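See below for the structure under consideration.
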Amino acid sequence: MVSPRANVTDPEAKPGNMAVAVHPKDVASQEFMISRRGQKICDDFARGAFLANAGARLMSQGYFDSISKPKGIVDFGVSENKLMFDVFEKKLAEPKIQKLAPHMLFYDVMAGNMRFRGALAEFLTERLNAAKPLDPKNLRVCNGAGPMMELVATSIGDPGDCLMMPMPCYGGVFWDVGGRAEIEVVPVHLTSKMEEGDTRPFQLTAKKIEDTYNKATAEGKKIVGILLINPHNPLGDIYSAELIMDILNFCHKHSLHVIMDEIYMMSIFDTEAKFTSVLSLPNIPDPQRVHMVWGFAKDFCMSGMRCGVLYSVNEAVNKAVDALVYFNMIPGPIQHILTEIVLDKEWLDKVFIPTKYSRMREARSYMCDKLSALGIPVRKSPSGLYIWADFRKYIQPLTPENELVLFEKFMDAGVYLTPGIEAFNCGEPGYFRMVFTVYRDHLEVGMERIAAVLKDCAENGLTKPQGANAEAPASANVKEESLEDLLGLLQGRISSSGWLEETRTQNWATQNPEALEQFKQAMKSQEGSGDK
């Protein structure tokens with residue numbers, strides 16, 4: 001039940017025994033002195049790296065800060081919970097967490113030391129309402145849930161094999177299982193149009209999975225399993241016990257693995273919502289092919305700590321992960337800190353969890369109210385750090401290209417939210433995911449900027465944003481601009497369509513007195529230093 005490459009006891013599977021032909025035509029990789037494999041990884045990443053590229057743009061332009069960077073970009077795009085730093089600042093200062101023991105500085109069990117794994121098994125047994133106590137021997141940890149996805153995918157599939165996954169979905173999964181593991185993702189497309197039996201848009205059913213499986217296998221694709229995120233990202237849905245069992249039974253019928261990503265299982269802010277972990281089900285039809293993944297990034301608001309968890313009773317998969325995790329070990333001090341956190345039940349139940357959920361509900365309510373005032377429908381969901389928002393009324397004509405036009409307008413206005421097609425492989429344009437678990441001043445400024453963009457769209461239509469120079473306000477930072485900068489700004493304005501006809505010298509001087517004065521001074525300085 002593992003892929004041939006995951007059989008680490010087979011000498012024929014070792015990379016050193018694989019003959020690789022050299023092709024003289026691989027000029028590109030030779031120019032940069034990397035292998036064909038390295039070049040392919042770079043090319044694959046570049047082709048599907050919308051999120052990474054957006055992140056790079058955020059870094060280059062700078063994040064919003066009300067004091068040091070008021071014109072920076074407000075980040076509603078990255079799924080992180082930033083509401084709990086003050087609580088963690090106090091917790092991480094406790095002496096028992098600050099303690100440093102010698103063993104933390106040396107090599108340990110690569111898949112996690114047994115004290116940490118024992119604490120996690122106890123913690124997850126309770127929080128997942130597991131059908132039976134989890135065995136630490138079946139638990140593995142590595143540096144993030146994404147890397148853990150890669151390890152599991154590598155273990156159960158060979159290059160070119162496929163995993164099904166409902167779409168829209170977290171876009172990073174394509175790289176998690178496709179980058180080095182080379183597993184392809186087959187979308188189970190969900191749409192806003194409800195089919196027979198659906199009770200809401202974008203609803204997952206076992207039938208949709210079965211139809212996708214039948215179509216893919218008829219096309220000659222080898223499906224080895226399905227990857228599910230529960231609670232879902234970006235929809236925020238929670239799968240019912242009945243749906244999970246229907247999917248498990250289908251997968252058992254076709255000998256398919258089920259990777260259940262439950263990384264948002266403690267990010268359910270609706271007190272009336274019921275979460276069903278796959279490990280809470282008493283009669284899993286094929287437990288050897290069920291693998292639960294969780295992590296600290298979302299539920300514990302610490303994506304920088306880098307810890308992903310796998311629970312699987314499949315001994316062969318665990319042995320493969322044990323071999324692969326050599327490259328993904330978590331540092332000893334991090335394991336110690338996280339151990340102490342999950343063992344402190346009183347702090348979790350009386351401080352951390354109630355405070356987190358209260359703050360999440362308040363932030364979500366604020367964002368939803370602002371969106372409602374703008375006429376933006378949002379998906380009613382009980383979980384997640386984000387909102388699935390419907391911007392279709394502002395995207396006319398409604399096309400994938402215009403969805404990106406609106407995205408660029410938001411970015412130019414200084415607010416980052418992720419578009420459905422590019423970031424989540426949504427099958428139709430118009431939807432954006434908006435993360436609400438941000439600092440309050442960021443939330444307020446970001447919603448003001450979104451409102452300004454939508455007001456402009458309503459009054460002037462959805463037009464493609466001009467270049468950076470053309471969009472920059474003429475009076476911005478004029479005291480720091482040289483004559484060359486100012487002339488470049490004017491050139492950008494003049495080159496914009498219709499600007500010269502709409503803007504006269506008198507109007508410009510009236511509207512931009514500071515810029516005019518700077519221009520006069522610069523010209524006087526230029527005359528004084530030139531030939532007479």
Side-chain angles (χ1 to χ4, degrees), residues 45 47-61 63-64 72-82 145-146 165-176 185 187 190 192 202 229 231-237 261 263-264 267 297-298 303 363-364 367-368 370-371 374 376-379 381 383-392 394-395 398-438 442-443 445-447 449-450 453-454 457 462 465:
F45 184 75
R47 277 195 296 270
F50 176 84
L51 294 177
N53 291 335
R57 183 170 173 181
L58 276 168
M59 292 293 186
S60 65
Q61 293 186 229
Y63 288 91
F64 169 82
I73 297 178
V74 175
D75 181 9
F76 287 168
V78 179
S79 184
E80 294 177 308
N81 191 333
K82 299 176 180 177
M165 188 168 185
M167 304 285 172
C169 78
Y170 159 64
V173 73
F174 289 92
W175 188 247
D176 292 343
V185 175
L190 310 178
S192 61
F202 297 105
I229 302 177
H232 191 268
N233 177 13
L235 299 179
D237 294 349
D261 179 355
I263 197 167
Y264 290 98
S267 295
K298 315 301 182 182
S303 54
R364 188 179 192 278
M367 181 176 278
C368 285
K370 293 295 183 181
L371 289 172
L374 295 170
I376 302 295
V378 301
R379 185 175 183 82
S381 57
S383 67
L385 314 181
Y386 35 75
I387 289 168
W388 186 244
D390 180 358
F391 285 83
R392 288 180 293 179
Y394 289 98
I395 304 175
L398 186 59
T399 65
E401 294 76 17
N402 279 343
E403 178 181 281
L404 284 183
V405 171
L406 183 58
F407 166 76
E408 291 293 341
K409 288 179 75 70
F410 285 140
M411 288 292 280
D412 287 348
V415 60
Y416 169 47
L417 48 157
T418 36
I421 292 179
E422 287 290 339
F424 305 104
N425 202 37
C426 185
E428 54 191 283
Y431 295 88
F432 285 73
R433 189 192 72 177
M434 300 177 62
V435 175
F436 58 83
T437 48
V438 299
H442 292 217
L443 192 60
V445 172
M447 292 310 301
R449 292 177 179 180
I450 287 174
V453 170
L454 298 183
C457 289
L462 186 66

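Each residue takes its place number in the sequence, starting with 1. Bear in mind the structure is a predicted one, so any value in this text is a computation, not a measurement.
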(request) Using a 4.5 Å cut-off on heavy atoms from C-beta on, say whether the side chain of Glu422 contacts that of Leu404. (result) yes
(request) Report the C-alpha distance between Leu462 and Leu406 in whole Å, list the side-chain angles of each, state the deciding distance to 0.1 Å, and finish with yes or no for side chain to side chain contact (heavy atoms under 4.5 Å, CB included). (result) CA-CA 7 Å; Leu462 186 66; Leu406 183 58; 4.2 Å; yes
(message) side chain to side chain contact (heavy atoms under 4.5 Å, CB included) for Asn402 and Phe407? Distances and angles first, verdict last.
(response) CA-CA 8 Å; Asn402 279 343; Phe407 166 76; over 6 Å; no
(request) Go through the steps for Leu443 and Met367 under the test side chain to side chain contact (heavy atoms under 4.5 Å, CB included), then give the verdict. (result) CA-CA 7 Å; Leu443 192 60; Met367 181 176 278; 3.6 Å; yes
(message) Just verifying a value: how many Å separate Met434 CE and Leu417 CG, rounded to the nearest 0.5 Å?
(response) 5.5 Å
(message) Can you tell me how far apart CG (Leu374) and CD1 (Ile450) are? Round to the nearest 0.5 Å.
(response) 8.0 Å
(request) For residues Met167 and Phe174, report the shortest heavy-atom separation together with the two atoms involved. (result) CE-CZ, 3.3 Å
(message) Suppose we call two aromatic rings close when their centres sit under 6.0 Å apart. Are Tyr264 and Tyr386 close by that rule?
(response) yes
(message) Taking Pro231's backbone N and O only, do any of them form a donor-acceptor pair with Ser383's side chain (distance below 3.5 Å, no angle check)?
(response) no
(request) If the plane angle is over 60° it's perpendicular, under 30° parallel, otherwise tilted; pick one for Tyr431 and Trp388. (result) parallel
(request) Please examine the side chains of Lys298 and Ser79, heavy atoms only from C-beta on, and report whether any two atoms are closer than 4.5 Å. (result) yes
(request) Kindly indicate whether the side chain of Glu428, heavy atoms from C-beta on, has any atom under 4.5 Å from the side chain of Arg392. (result) yes
(request) Report the C-alpha distance between Arg57 and Asp412 in whole Å, list the side-chain angles of each, state the deciding distance to 0.1 Å, and finish with yes or no for salt bridge (charged side-chain N to carboxylate O under 4.0 Å, His left out). (result) CA-CA 11 Å; Arg57 183 170 173 181; Asp412 287 348; 3.1 Å; yes
(request) Indicate the atoms forming the closest heavy-atom contact of Cys457 with Tyr394, along with that distance. (result) CB-CD2, 4.1 Å
(request) Measure the SG-CG distance between Cys169 and Asn425 for me, rounded to the nearest 0.5 Å. (result) 6.5 Å
(request) For residues Leu235 and Pro168, report the shortest heavy-atom separation together with the two atoms involved. (result) CD2-CG, 4.1 Å
(request) For the residue pair Arg449 and Phe64, establish whether any side-chain heavy-atom pair is separated by less than 4.5 Å. (result) yes
(request) Please round to the nearest 0.5 Å and tell me the distance separating atom CD1 of Ile421 and atom CD of Glu401. (result) 8.0 Å
(request) Given side chain to side chain contact (heavy atoms under 4.5 Å, CB included), test Arg433 with Ile387 step by step and report yes or no. (result) CA-CA 6 Å; Arg433 189 192 72 177; Ile387 289 168; over 6 Å; no
(message) Show the nearest heavy-atom pair for residues Cys426 and Phe202, with the distance to one decimal.
(response) SG-CE2, 4.0 Å
(request) Check whether any side-chain heavy atom of Arg379 lies under 4.5 Å from a side-chain heavy atom of Asp237, and answer yes or no. (result) yes
(message) With heavy-atom distances below 4.5 Å as the criterion, would you say the side chains of Asp75 and Lys82 are in contact?
(response) yes
(message) For the backbone of Leu385 and the side chain of Ser267, can you confirm whether one donor and one acceptor N or O come within less than 3.5 Å of each other?
(response) no
(message) For the NZ atom on Lys370, are there more than 12 heavy atoms of other groups (residues, nucleotides or ligands in this structure) within a distance under 6.0 Å?
(response) no
(message) If you compare all heavy atoms of Gly171 against all heavy atoms of Phe424, which two are closest, and at what distance to 0.1 Å?
(response) N-CD2, 4.1 Å
(request) Report the distance from atom CG of Leu371 to atom CD1 of Ile376, rounding to the nearest 0.5 Å. (result) 6.5 Å
(message) In the structure I gave you, are the side-chain heavy atoms of Arg364 and Ser381 within less than 4.5 Å of one another anywhere?
(response) yes
(message) What's the separation between atom CZ in Phe391 and atom CD in Glu403, rounded to the nearest 0.5 Å?
(response) 10.5 Å
(message) Is the shortest side-chain heavy-atom distance between Phe76 and Phe432 below 4.5 Å?
(response) no
(message) Which heavy atom of Gly446 sits nearest to which heavy atom of Val415, and what is that distance?
(response) O-CG2, 4.1 Å
